[in-house]
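Working notes, structure below.
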Amino acid sequence: MGSIYKSLLIIKSPIKSFIGFTESSISLLKHCTNHRLITQGQVIHTHLYKLGISSHRHIAVKLLIMYLDFKKSSEVDQLLKDYNTFDMIVHNCLISANVNWANVDEARKLFDEMPQRNEVSWTALISGYLKCGRVDESMELFRRNPFQNVISWTAAISGLLSNGMRLESLELFLEMLRDGVWPNNVTFVSVVRACTEMEELALGVSVVSLVVKLGFEEDVSVCNSLITFSLRLGEMDMASAIFKRMGKRDVISWTAILDMYVEMGDLREARKVFDEMPERNEVSWSAMISRYTQKGYSKDAIELFRQMIENRINPNSSCLSSAINALANLKLLQPGKTIHAHVTKIGLANDVFISSSLIDLYGSCGSPNDGRLVFDTVQNKNVVCWNTLISAYSSNGQHEEAKKLFDQIAVKSIGSWNSMVTGYLENEQYDKVFEVFNDMLLSGQTPDISTLSSVLCACANLTSLQKGKDIHGKTFKLGFQHNVFVGTSLVDMYAKSGDIENSKRVFNKMTEKNEVSWTAMIQGLAENGYAEESLELFQQMEKTTCIKPNELILLAILFACSHCGLVDKGLHYFNLMETVYKIKPNERHYTCVVDMLSRSGRVREAEDLIKSMPCEPEVNAWAALLSGCKTYGEDEIAERTAATIQELAEQKSGGYVLLSNVYASAGKWREVLKTRKLMKERGLKKSGGCSWIEVRNELHLFYAQDASGNELNEICGVLEQLKYHMLVLYEHN
DNA sequence: GGGGAATAGG
């Protein structure tokens, strides 16, 4: 960036004639075109005009290209007027400009008009057809091209590749070799990309030998594409070997190797490369920022984005969308809105990547309707925009809107289906999860890892073992049985359904286990009463892996100790939490310990703990304490605790529910009714309850809020009768 | 004047 301003100063300075001035002007104009520096380009134009050389043939062509690229039609018209010979070069410029604007038909008209054409005219049109997917027309032209050279071959090879015709492009490459045309560095770049996309390791290696034979092993671009090839095929050693023996490296080489460390899961090393890179451009910044976001380090991503702005690097659309994603993860609406405003200002509001990130941001921050506003302004919506808005609606419980959108999508992607599935899952509407899943299978869409994990999660929550087993079967059919996400979901599903044997079986067979997998198994064992095994597994995890215990694992451990009467062991782990594991116990951990102490009769200690808590105790903690008091006859503490619960009940709906449950368990039905009535009067609502039954492998769910009209009356009638019977029974006893 | 390599949303 700095160099262009210096060069501009030279032009402005009185030294107007030096050797190579024309060449300098041309490269400056090229620079302005490539970097979209329109104002600077115009300044240069004015100076060249004043110097009387703006109509110099080579300069005029560059000016024409620049204005064509900036779509400045009046300037283009003026130049064409000045440039009185409307020759082949001008024609070629106009053809390639039209190709860039996706006006290939206009380009064809110009091509047909030409009295004389050269290799450039042909190649421009051949690649023009390929760019808009009109392969047949392009190939027809390619076969008729009288000026076939390495460039037109390369154009066809890479064009076929970008149309997804990988095999055809490689066949064309072989044909080219048979024709006796030698590939150059650009050809190799395209061919290596074809091998990458086909994941053809052997073929790629033989291409490498050809690269060496023809002396391109020192070419930076070729090496860069070979690094990417190695990375995509998981050959990390090969990638770093190529990088190490490169005599010359550029930003792209460095960015590619940075990505290698990220792929290997070593973000710290990636950051080291990033910090040590001799040169960074917006793509390098963007790579680092987007990877931080993807791996869940949203705060680091935002921090890097801030530094980038401070360093006056212009963020590109990838960067902006990653930054917005990071903000969405952190639910930071206000800064997100600032970027939204900025994006609108610089004219990127229409970018599909940025727009879908914005939709996601508004959805994550609870404003799906603002996401809708963004959605409506996007001109070229793609399926991701649709899916993101669906997720935004459904994760905020607006299922009708989500469904309406979903039905409007003409060509649904796997993501569209998954958005619906995840939406219902998040809102605990498990029957809908199965409904969508069945529709999906009927439509012919194959589920992916995400779908199966979600559906298994629904099975786990419904403890529907039969359905879970069906899905387990499907994972084998689809070849996902070794996937870590699917495996973890299966472990969780079997554990939650009480089938601990199968849970263990799946866990032991898993080839890759992550933190979540271990958590699911440890938790599963603890909650199914296998406290000792759970503790053993925990110790095994600490010994054999480098996974650090998380909040949930420790909760499971405390739970296990509590239910097994291992009070001292439980207290031991509780004390290790902050000192060794560096995890601050939350209210749920405290509840567990309070419960543990109360159950074992150490009621006074339990009360002391609850009172010393740095966070607000859960109602459950008080309830555990109260039941401990009852068991061990600690009337004095019981009285205090009951008063506290009564007090809490005044503030929270959960308190009343708890209170009524406490009364219910004591058989005080009149008190229960009184509490319920009190809740109603105070406008407190119990959070939506849900129940279900499984009849002939079909799930039927009932929601508390679902019941309406006659159904509700019917249910209420039954309830009233039940209540009456209970009262009568109680009074008689 | 024509061909290409690194980053990117659900």
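In what follows, chains carry the letters A, B, and so on, assigned in the order in which the sequence lines appear, proteins first and then strands, with residues in each chain numbered from 1. Everything quoted here is computed from the prediction, not taken from an experiment.
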Hey, is the side chain of A:S357 pairing donor to acceptor with the base of B:dG9 inside 3.5 Å? no

Testing B:dA5, B:dG3, B:dG9 for proximity to the side chain of A:S127, the answer is B:dG3

Counting side-chain heavy atoms from C-beta on, which of B:dG2, B:dG4, B:dA8 comes nearest to A:A124? B:dG2

Report the distance from atom CG of A:L348 to atom P of B:dT7, rounded to the nearest whole Å. 20 Å

Residue pairs passing the salt bridge (charged side-chain N to carboxylate O under 4.0 Å, His left out) test where at least one lies in residues 137-153 of chain A, sequence neighbours excluded: A:R134-A:E137, A:E140-A:R144, A:R143-A:E175

Taking OP1 and OP2 of B:dG4, is either one under 4.0 Å from a side-chain nitrogen or oxygen of A:R193? no

Nearest to the side chain of A:R232 - B:dG2, B:dA5, B:dT7? B:dT7

Mind checking A:I359 for me? I need base, sugar-phosphate or nothing, with any heavy atom below 4.0 Å counting as a touch. nothing

Minimum-distance nucleotide to A:S317 side chain [options: B:dG9, B:dG3, B:dA8]: B:dA8

Whole-Å gap separating P (B:dT7) and CG (A:L267): 15 Å

Does A:Q294 place a side-chain N or O at less than 4.0 Å from the phosphate oxygens OP1/OP2 of B:dA8? yes

Does either side chain, that of A:S221 or that of A:N224, offer a donor lying less than 3.5 Å from an acceptor on the other one? no

Regarding A:T388, tell me which of base, sugar-phosphate or nothing describes its non-hydrogen contacts under 4.0 Å with the strands shown. sugar-phosphate

Between A:Y424 and A:H399, does the ring centre distance come in under 6.0 Å? yes

In residues 95-104 of chain A, what donor-acceptor pairs under 3.5 Å come from side-chain atoms, sequence neighbours left out?
{"from": "A:S96", "atom 1": "OG", "to": "A:C93", "atom 2": "O", "distance (Å)": "3.2"}
{"from": "A:N98", "atom 1": "ND2", "to": "A:L94", "atom 2": "O", "distance (Å)": "2.9"}
{"from": "A:N100", "atom 1": "ND2", "to": "A:S96", "atom 2": "O", "distance (Å)": "3.4"}

N or O in side chain of A:S158 less than 4.0 angstrom from B:dG4 OP1/OP2: yes

Indicate, with a heavy-atom threshold strictly under 4.0 Å, whether A:V192 touches base, sugar-phosphate, or nothing. nothing

Residue A:S96, side-chain atoms from C-beta onward, closest of B:dG4, B:dA8, B:dG2: B:dG2

What nucleotide among B:dG4, B:dG9, B:dG2 has an atom nearest to a side-chain atom of A:T123? B:dG2

Among B:dA8, B:dA6, B:dG2, find the nucleotide with the atom closest to the side chain of A:V283. B:dA6

Kindly point out which of B:dG9, B:dA5, B:dG3 is positioned nearest to the side chain of A:N325? B:dG9

Please classify the nucleic acid contact of A:S121 as base, sugar-phosphate, or nothing, using heavy-atom distances under 4.0 Å. nothing

In whole angstroms, the gap separating C1' of B:dG9 from CG of A:N316 amounts to 14 Å

How close or far is atom P of B:dG4 from atom CG of A:N185, stated in whole angstroms? 12 Å

What is the nucleic acid contact for A:S413, judged by heavy atoms within less than 4.0 Å: base, sugar-phosphate only, or nothing? base

Under 4.0 angstrom, heavy atoms only, what part of the nucleic acid is A:K412 near: base, sugar-phosphate, or nothing? nothing

In whole Å, I'd like the distance from the CG atom of A:D360 to the P atom of B:dA8. 16 Å

State yes or no: are the ring centers of A:W153 and A:F173 separated by less than 6.0 Å? no

Does A:S221 reach a base, just sugar-phosphate, or nothing at all? Heavy atoms under 4.0 Å. base

Where the side chain of A:N149 is defined as all heavy atoms beyond and including C-beta, which of B:dT7, B:dG9, B:dG2 is the nearest nucleotide? B:dG2

If you check the A:F353 side chain, which of B:dG9, B:dG4, B:dG3 turns out closest? B:dG9

Any chance the rings of A:F437 and A:W417 have centres within less than 6.0 Å? no

Once you apply a heavy-atom cut-off of 4.0 Å, does A:R117 come out as touching a base, just sugar-phosphate, or nothing? nothing

Nearest-Å distance for atom pair CZ/P, residues A:F216 and B:dG4: 16 Å

Tell me the interatomic distance from A:F274, atom CZ, to B:dA6, atom C1', rounded to whole angstroms. 13 Å

Please give, in whole Å, the distance from B:dG2 P to A:F111 CZ? 15 Å

What about A:N92, does its side chain sit under 3.5 Å from the base of B:dG2 through a donor-acceptor pair? no

Base, sugar-phosphate, or nothing for A:E282, non-hydrogen atoms under 4.0 angstrom? nothing

Is the backbone of A:S158 close enough, under 3.5 Å, to the side chain of A:S162 for a donor and an acceptor to pair up by distance? yes

Once you apply a heavy-atom cut-off of 4.0 Å, does A:N418 come out as touching a base, just sugar-phosphate, or nothing? nothing

